[in-house]
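Contents: one structure, followed by commentary.
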There are 2 protein chains.
Amino acid sequence: METEETPARWEGLPSWLLGQTANHAHRLVGDGFSSVGARGYHYRLLATLEEYGPASQAALGRRSGIHLSDMVATVNELADRGLVERAPDPSDRRRNIISLTSAGKRQLRRLEKRLAECQDELLAPLSPEERQRLTELLSKLLTHHNGRTGTPEEPWS
Amino acid sequence: METEETPARWEGLPSWLLGQTANHAHRLVGDGFSSVGARGYHYRLLATLEEYGPASQAALGRRSGIHLSDMVATVNELADRGLVERAPDPSDRRRNIISLTSAGKRQLRRLEKRLAECQDELLAPLSPEERQRLTELLSKLLTHHNGRTGTPEEPWS
DNA sequence: AGCACATCATTAGTGCGCCAAACGATTCGT
DNA sequence: ACGAATCGTTTGGCGCACTAATGATGTGCT
């Protein structure tokens, strides 16, 4: 956006404010990630992998919130870079078991570092209390809206 | 996102919180708009048009923050629906002068109504003070980050 | 044992918002 | 008059979220 005039009517709407700040955040994080040749999905997948250990693509999708359709490409990209390994599951031939390589773990460390830096850059103009406040408010919103659309299924009967 | 497990490490990061809530907001607003056959760019263009009156596509792009490349399609779509008119500028044959039709104005009213409803749905779990607080915090962030990239040009000398 | 059904991986394609490169046509500045 | 800037347009790309369809495989029920 290379606006020059920008005085508009929707400028004060929460949804707009949210979208714009999220945009900045997204750009910040995206740039951080791309500076080491990655993008959001890569981080999410690597982090999920480290947190839960090797798993099938479907399971990883559920845990990371990455759509199954996008998992394929994401795993491909990470596997191409040697950050992740795809091996057939001997006990279920439908599955691939994805696991983190040591290079992947190293990459994850880099991404986490960038990510932390970005948080700081993002919140730069806010005091610690304000940051706290913002996080709380956003969490509240998120919890509410996730309840309505996020995990509606009751655990298997 | 049809997550079922979703307990992750990045879940508390401001950039993530921001992105997710913005996502919900975006979906809410997008659904509201699409229920009357429109999308974000349509609203932005119509609103800009009403606020500043007829103008060339380039000027509208500057004011609405819509990229020139996307203006073309946006104007086409609105013109196809008869919400906007594209007429050559007699005094500058490079330009098209875009103007709002009365049908366009009516559509804008509808969109504004939806938009207002969405704000309420979005902020539902927040008290009036919290809404205020959130708006302030987001504005602060936005102002900061726009200062670095958004509207740097000083008004014509 | 057989069959319906669910799950897994994959491919292909949609939508929105943002952006960049290149082009011809026109107009402006000097 | 001529180079530079502006305008409209087309084409294409990225990131993220999502839908639909398909074939291979696995599970549960009867």
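No experiment lies behind these values; they were computed from the predicted model shown. Numbered from 1 within each chain, the chains take letters A, B, ... in sequence-line order.
Inspection of the A:Ser34 and A:Arg39 side chains reveals no N or O donor paired with an N or O acceptor under 3.5 Å.
Nearest to the side-chain atoms of A:Val72 among the listed nucleotides C:dT10, D:dT9, C:dG17 stands C:dT10. Side-chain proximity of B:Arg86 to the nucleotides D:dC16, D:dA17, D:dT9 is greatest for D:dT9. When distances are taken from the side chain of B:Arg44 to each of C:dA9, D:dT9, C:dC18, the shortest belongs to C:dC18. The A:Ser56 side chain lies nearest to C:dC8 when the options are C:dC8, D:dG8, C:dC16. Listed nucleotides D:dG15, D:dA17, C:dC8 differ in distance to A:Arg62; the shortest reach to its side chain belongs to C:dC8. Listed nucleotides: D:dA17, C:dG17, D:dT19. Nearest to the side chain of A:His67: D:dT19.
Taking side-chain N and O atoms only, B:Asn76 has no distance below 4.0 Å to OP1 or OP2 of D:dG8. For A:His26, a side-chain nitrogen or oxygen approaches OP1 or OP2 of D:dC16 to under 4.0 Å. Taking 4.0 angstrom as the limit, A:Asn23 places a side-chain polar atom (N or O) nearer than this to OP1 or OP2 of C:dC18. Between A:Gln20 and C:dC18 there is a side-chain polar atom (N or O) within less than 4.0 angstrom of OP1 or OP2.
If you take CG of A:Asp70 and P of C:dT14, they are 15 Å apart, rounded to a whole angstrom. Computed from coordinates, the A:Phe33 CZ to D:dC14 C1' distance equals 16 Å when rounded to whole Å. In this structure, the CZ atom of A:Arg27 is 9 Å from the P atom of C:dC18, given to the nearest Å. Spacing between atom CE of B:Met71 and atom C1' of D:dT10 amounts to 15 Å, rounded to whole angstrom units. We find that CG of B:Leu68 is positioned 9 Å from C1' of D:dT9, with the value rounded to whole Å. At whole-Å resolution of the value, CG in A:Leu45 and P in C:dA9 are 12 Å apart. Taking atom CG on A:Asn96 and atom P on D:dA24, their separation rounds to 15 Å, with Å as the unit. If you measure from atom NE2 of A:His24 to atom P of C:dC18, you get 10 Å, rounded to the nearest angstrom.
Judged by distance alone, with hydrogens and angles left aside, A:Ser69 brings no side-chain donor or acceptor close enough to the base of C:dA9 to form a pair under 3.5 Å.
Residue B:Gly40 is classed as a sugar-phosphate contact, given heavy-atom separations below 4.0 Å to backbone atoms only.
Under the side chain to side chain contact (heavy atoms under 4.5 Å, CB included) criterion, B:Thr101 pairs with B:Glu85, B:Ala103, sequence neighbours left out. Judged as a salt bridge (Lys or Arg N to Asp or Glu O under 4.0 Å), and not counting sequence neighbours, the contacts of A:Asp120 are A:Arg131.
Each of B:Val84, B:Leu108, B:Leu78 was scored for a side chain to side chain contact (heavy atoms under 4.5 Å, CB included) with B:His42, with one residue passing: B:Leu78.
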If you apply the rule side chain to side chain donor-acceptor pair (under 3.5 Å), what do you find for A:Gln57 with A:Arg86, and how did you get there? CA-CA 9 Å; A:Gln57 298 182 187; A:Arg86 203 197 242 115; 3.0 Å; yes
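Between A:Tyr41 and B:Gln57, the residue anchored nearer the 5' end of DNA chain D, judged by the nucleotide with its closest heavy atom, is B:Gln57.
In this structure, A:Arg114 fails the cation-pi test against A:Phe33, since its NZ or CZ atom is not both closer than 6.0 Å to the six-membered ring centre and inside 45 degrees of the ring normal.
B:Glu112 has a carboxylate O that lies under 4.0 Å from a charged side-chain N of B:Arg109, or vice versa, which qualifies the two as a salt bridge.
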A correct 5'-to-3' footprint of nucleotides 25-30 of chain C, with B, S and - meaning base, sugar-phosphate only and no protein heavy atom under 4.0 Å, is BBS---
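For the pair B:Pro54 and B:Leu49, the tightest heavy-atom approach, listed with the atom from each and the gap, is CA-CD1, 4.3 Å.
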